[in-house]
> 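Please read through the structure below; I'll follow up with questions.
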Amino acid sequence: MFILFLINLSLFLLHEMDAIRRSEWRLFVILKDMEDSKAYSVFTLIHLFLYVLILSLLFSEYQLIIFWVLDVFFIIHTILHLFFERHPRNEFKNSFSRSIIYSMGFLAIIHLLFLM
């Protein structure tokens, strides 16, 4: 189960790398109006803190909680990408990006079922 979670976490990290390439900040309410270079910096810096938080909780006594929280987040994240599919600034309209995003949601559902 831990390997399944790590695969999914890795997919999330891949997606975030792809998100920087595809300027995902243009889809966020606050960041979309910023100059691209500033929005890129803010978007990237937020991820530094996010990754530290995730990794520190993953290797703590809160591991089971972070499993649940991230699985639910991955599912919601996938659903949001479905809703934003037709957004004019959405650049995830290719099979590579979609395969990462939808695999993340699918694996999160499987992992949640194993947790139950």
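Worth knowing before you read on, the calculation uses all heavy atoms, side chains too, and leaves out hydrogens, waters and symmetry mates.
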> Any idea which heavy atoms bring F92 and A19 closest together, and the distance?
CZ-CA, 3.6 Å

> Ignoring hydrogens and geometry, is there a side-chain-to-backbone donor-acceptor pair from H81 to H77 under 3.5 Å?
no

> Working to the nearest 0.5 angstrom, can you tell me the gap between K93 NZ and R22 CZ?
12.0 Å

> Side-chain heavy atoms under 4.5 angstrom apart, residues restricted to Ile, Leu, Val, Met, Phe, Trp, Tyr: same cluster for F83 and L27?
no

> Under a single-linkage definition using a 4.5 Å side-chain heavy-atom cutoff for Ile, Leu, Val, Met, Phe, Trp and Tyr, are W25 and L45 assigned to the same hydrophobic cluster?
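Hydrophobic grouping puts W25 apart from L45.
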
> Set out, in order, the CA-CA distance, both residues' side-chain angles and the distance that settles side-chain contact (heavy atoms from CB on, under 4.5 Å) for L64 and L115, then state yes or no.
CA-CA 9 Å; L64 187 59; L115 285 177; 3.7 Å; yes

> How many angstroms lie between CG in D36 and CG in L31, if you round to the nearest 0.5 Å?
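CG of L31 is found 10.5 Å from CG of D36.
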
> I'd like to know whether E24 forms a side-chain contact (heavy atoms from CB on, under 4.5 Å) with H15, so could you lay out the CA-CA distance, the side-chain angles of the two residues, the decisive distance to 0.1 Å, and finally the verdict.
CA-CA 10 Å; E24 188 177 32; H15 168 65; 3.7 Å; yes

> Identify the residue among I65, V72, D71 that makes a side chain to side chain contact (heavy atoms under 4.5 Å, CB included) with V69.
I65

> With rounding to the nearest 0.5 Å, note down the distance linking CD1 in I109 to CG in L113.
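It is 7.5 Å, given to the nearest 0.5 Å.
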
> Drop me the distance from L14's CG to I7's CD1, to the nearest 0.5 angstrom.
11.5 Å

> Hey, are the side chains of F43 and R26 touching, using non-hydrogen atoms and a 4.5 Å cut-off?
no

> Can you hop from I100 to Y102 via hydrophobic side chains spaced under 4.5 Å?
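No: no chain of side-chain contacts under 4.5 Å links I100 to Y102.
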
> Hey, mind stepping through L4 and N8 against side-chain contact (heavy atoms from CB on, under 4.5 Å) and telling me if it holds?
CA-CA 6 Å; L4 178 62; N8 216 16; 6.0 Å; no

> Treat each ILVMFWY residue as a node, draw an edge where side-chain heavy atoms are under 4.5 Å apart, and state whether F49 and M17 are in one component.
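In one cluster: no.
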
> Is a donor on one side and an acceptor on the other found under 3.5 Å between the side chain of T44 and the backbone of S41?
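Not at all, since once roles are kept as given, no pair shorter than 3.5 Å links the two residues.
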
> Could you give me the CA-CA distance, side-chain angles and deciding distance for L70 and L58, then say whether side-chain contact (heavy atoms from CB on, under 4.5 Å) is met?
CA-CA 10 Å; L70 285 179; L58 185 59; over 6 Å; no

> Kindly give the heavy-atom pair with the smallest separation between S97 and N94, and that separation in Å.
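The answer is N-OD1, 2.7 Å.
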
> Does I30 have more than 12 heavy atoms from other residues, nucleotides or ligands lying within 6.0 Å of its CD1?
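For I30, atom CD1 is not crowded (no more than 12 foreign heavy atoms under 6.0 Å).
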
> Do T78 side-chain atoms and I101 backbone N/O form a donor-acceptor pair below 3.5 Å?
yes

> Please verify the inter-ring angle class for Y51 with F12; under 30° counts as parallel, over 60° as perpendicular, anything in between as tilted.
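The rings of Y51 and F12 stand perpendicular, inter-plane angle above 60°.
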
> What is the distance from atom CD1 of I75 to atom CG of L107, rounded to the nearest 0.5 Å?
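I75 atom CD1 to L107 atom CG measures 10.5 Å (nearest 0.5 Å).
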
> Can you spot which of F106, F5, F74 makes a ring-ring contact (aromatic ring centres under 6.0 Å, His included) with H111?
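It is F5; the other options fail the test.
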
> What are the two closest heavy atoms between K32 and R89, and how far apart are they?
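Distance-wise, the nearest heavy atoms are O-NH1, 3.5 Å.
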
> For the hydrophobic clusters of this structure (ILVMFWY residues joined by side-chain heavy atoms under 4.5 Å, transitively), does one cluster hold both I66 and W68?
yes

> Please work out whether the ring planes of F59 and F2 are parallel, tilted or perpendicular, with thresholds of 30° and 60°.
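Perpendicular.
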
